[in-house]
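Numbered from 1 within each chain, the chains take letters A, B, ... in sequence-line order.
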Amino acid sequence: MGILDLTAVQLGKAIKEKKYTALEAMEAVLEQIDKTEEDLNCYVTIDKEAALEAAKKAQEKIDAGELTGPLAGVPVAIKDNMCTKGMKTTCSSKILGNFIPQFSSEAVIKLEEAGAVIIGKTNMDEFAMGSTTETSAFGATKNPRNPEYVPGGSSGGSAAAVAADECFFALGSDTGGSIRQPASYCGVVGMKPTYGTVSRYGLIAYGSSLDQIGPLAKDVTDCATVLEVIASHDCKDSTSVKREDTDFTSALVKDVAGMKVGIPRDYFTDGLDTEVKQAILDAAKKLEEAGAIVEEFDLSLVDYAIPTYYTIAAAEASSNLERFDGVKYGYRAKEYDGLHNMYKKSRSEGFGPEVKRRIMLGSFVLSSGYYDAYYLKALKVKAMIKKAFDEAFSKYDLILGPVAPTTAPKLDSSLSDPIKMYLSDIYTISVNLAGLPGISLPCAKASNGLPIGVQMIGNVFEEKKLIRAAYTLEQILGDLELGGVRA
Amino acid sequence: MSKNYETVIGLEVHVELATKTKIFCGCTTAFGGAPNTHTCPVCTGMPGSLPVLNKKVVEYAAAVGLATNCKITQKCKFDRKNYFYPDNPQNYQISQLYLPICRDGHVDITLADGSTKQVRIHEIHMEEDAGKLVHDEYDDVSYVDYNRSGVPLIEIVSEPDMRSAEEVIAYLEKLRQTIQYLGASDCKLQEGSMRADVNLSIREVGASEFGTRTEMKNLNSFTAITHAIEGETERQIDLLEAGKEVEQQTRRWDDNNGESYPMRSKEDAHDYRYFPDPDLVPLNISDEWLDEIRSNQPEFKEEKAIRYREEFGIPDYDIGLITDSKKLADIFEEATAECGEPKKVSNWILGETMRILKEKSLDPEDITFSPANLAKLIKLVDGGTINGSVAKEVFANIFDEDVDPEAYVEEHGLKQVNDEGALKACVEKVIADNPQSVLDYKGGKVQAIGYLVGQTMKAMKGKANPGMVNQLLKEMLDK
């Protein structure tokens, strides 16, 4: 077993035991990047020298006994919508193509304090708008399990980097499934925590009321460990929640006896691929065999989730993205005639088509005369969806279902039909609308060789139940032999 | 004019709150500073930055609401007002549209004829100020300074209850006085910490419908407001008389030319696409918090006046003028506490203080001297250490530099001469030098003694005890 076969937690332990150094870990990752990055395009920015320098410094602190946490010396990749002080942060958009932040996002600071070492910034759908990482202004990322397929999105670069061993773990952000869906497509573990658990300070907003930062990792143990490090109550983020129960690793227990698992019938209708469906039901069966009580139920309102999500997320995005105007930072058109023309040209040239589509949609639903009919109605439906989940969680400890209707689609097959692409978010977006935690972990390999992920959804602040169930299932399933570019 | 018209006026008043830091970040609100030095990622709209509400803003806004008889919206929210302009770094302003912090209030104003009137307040909401654009005089380039970006404002929106410039000024004076009493703002129109936009329409007396209104901006003094109201009333009446319609528009008042110019019409009105700001959680003003704000409300003019009457026994005229300004009332109370002479303190405030303020075009809020020094000055006069005219000279220095009057008198040798021998010698010389005046006096022109007193004071460089001089002169002349 080589260094790259280690999980983040295993590597952290090995460094502590002086089997490896942080520098060796970074060198191994950079070597892997040299081999596979050209084909995969997981990263937007890699600063090798800075990464090696930071690894050296981390090792010094480890040797000095200043860094003792489980992630000390472990190389990490950061999605390119999280600000990193002094390192380009682009949101995979031309409009921020030259933007270097003055400060780091809170989640990144937490990781750095824990001794994790940043490799670089991962590719994503432009401003996290997309489900394939193909809307990036810097080219698509490819799925390491089979480069003819997309890695999912919008945290496709992070998921692919983990799957391709181009990092030991990564941070992503999830507004409508952007961590869980690429984790599923790439065969890694991804988790979206309860809204308010990880500070959004420094995360370049897409849909502020839905955005959450979370880990993408090789296994559930890494996921719980990273979440424990990045969860914080941050007075710089008014939506940040004070929690006393963030010792997530304490839930890494193989035991689901008596746990009540609800399977929403509404998630297993026509649109779901039969092979995916079978894999999910098999996973549920495994949990049942391990002592869980598995039941089918009707969640309701599932069909309303997509229009509700695209109304709210687009409305918030249309306002959040107004600051990118060519005045203060970022891209400005070369030639223009007066202020309004400068705005128009800079934004027309700086944003890609999917971002423009959502800005227009969001501006429309907030317009005078349409606000009540669209935006306000969407907020009401959002509250109803939350209520439907509240009811479900009065009966079940967690909800289990698919992450996406299919395995990863082929490259260049999604963007031509955006509505179809939006519909593929159906199983993940309700979780954001209700502010719930959700985890995606690989549960099978499909006949096309691509991974299938299973999603578990918990009640607010009940990540530990998710972690316990996911850890148990992971232990039962063992190695799925997902293969890929490195294997 | 063939018909009888009435002017209908409502005001939108912006007041800059006196918090030390901005509304959504920790940057200072201090005036001045090199461009963009009072800024941070939040108030310059950097990607990834988030706003956090300054609680003091809520307290000031609620205090103003309570003082103007508003209902406080204990569960209120902030909304984003979206519009593109470079002074607005996020291209949206965080304001309140759907659930403003205060609603349905009123203030009572008193007019020159002694009558009173109630002006209703529609709402008061909290919002952030914008930065400032600086256009280069020589090059075709503009700069932006975000030092003022994020400075907290409240906007006080009245109902269209005012009918004349006099009522408008009385309403503004009342708001200013109330807010200054609260310490929530210094409310200086010239410096822009209080700004009023005038919504004005005309209708025939007795009509039940309002006419089409215009909104007038750029009014930075009470005089400008009065001129603008008169000018706009005339302009609208002329239009109606000529059979034309008033167009709903925003106009800019140019006080130098006494004219207004259209800025934008209803057709180019923005669609601000207001929606609740998802970065800020709904604000919950608990009963306890509101009680605390209520219990911290100061004593306002009316209550003060009643207390002054009982406690100090000074004339109602004095009380009225002193309590018009929180600053003057504070000076009055502190100085009186030090010297125990309310009427004398009042005389100094209403006399010399007001005179100097007027002479220097200052507001009472600009006063920097300490009441203790005024009290000391009064004691010096009472004790006979200095005379009245020297006291005025010393006061001018107290006003300007807050000098300690005791030290000042000592340093400049201004002590009153009470030495009878010295005074007698001087009086004798004055009598000898002015035989004509002496003759006049003796011939029955009693007022001639005034001239002789003056001559003696002059000879004593103003420091003589005037009572004693008078006494001595009379004694000698009547001999």
**Q** Check whether A:N81 gets within reach of chain B through its side chain, its backbone, both or neither, counting any heavy atom under 4.5 Å.
**A** neither
**Q** If we only count heavy atoms from C-beta on, is the B:Q96 to B:T73 side-chain gap below 4.5 Å?
**A** no
**Q** With only heavy atoms counted, which part of B:T44 is less than 4.5 Å from chain A, the side chain, the backbone, both or neither?
**A** backbone
**Q** Below 4.5 Å from any heavy atom of chain B, which atoms of A:C91 appear? Answer side chain, backbone, both or neither.
**A** neither
**Q** Parallel, tilted or perpendicular for A:Y375 and A:Y371, by the 30°/60° rule?
**A** tilted
**Q** Which atoms of A:E316 are under 4.5 Å from chain B, going by heavy atoms: the side chain, the backbone, both sets, or neither?
**A** both
**Q** Check whether B:Y146 gets within reach of chain A through its side chain, its backbone, both or neither, counting any heavy atom under 4.5 Å.
**A** side chain
**Q** At a heavy-atom distance under 4.5 Å, which candidate from B:V52, B:V144, B:L53, B:D277 has the highest pair count against chain A?
**A** B:V52
**Q** Which answer fits A:S105, side chain, backbone, both or neither, if we ask what part of it has an atom under 4.5 Å from a heavy atom of chain B?
**A** neither
**Q** What I want to find out is whether B:D129 reaches B:R195 closely enough, with some N-O distance under 4.0 Å, to be called a salt bridge.
**A** yes
**Q** Please rank B:P47, B:G45, B:S49, B:P278 by heavy-atom pairs under 4.5 Å with chain A and give me the top one.
**A** B:P47
**Q** For A:S363, is it the side chain, the backbone, both, or neither that has a heavy atom closer than 4.5 Å to a heavy atom of chain B?
**A** both
**Q** Let me know if A:F103 has heavy atoms under 4.5 Å from chain B in its side chain, its backbone, both or neither.
**A** side chain
**Q** Under 4.5 Å heavy-atom distance to chain B, tell me which part of A:Y370 shows up: side chain, backbone, both or neither.
**A** neither
**Q** Would you mind checking if B:D104 and B:K71 are paired as a salt bridge, meaning a charged N to carboxylate O distance below 4.0 Å?
**A** yes
**Q** Can you say whether A:L339 sits under 4.5 Å from chain B via the side chain, the backbone, both, or neither, judging by heavy atoms?
**A** side chain
**Q** Below 4.0 angstrom, N of the basic side chain to O of the carboxylate: do B:R273 and A:E322 qualify?
**A** yes
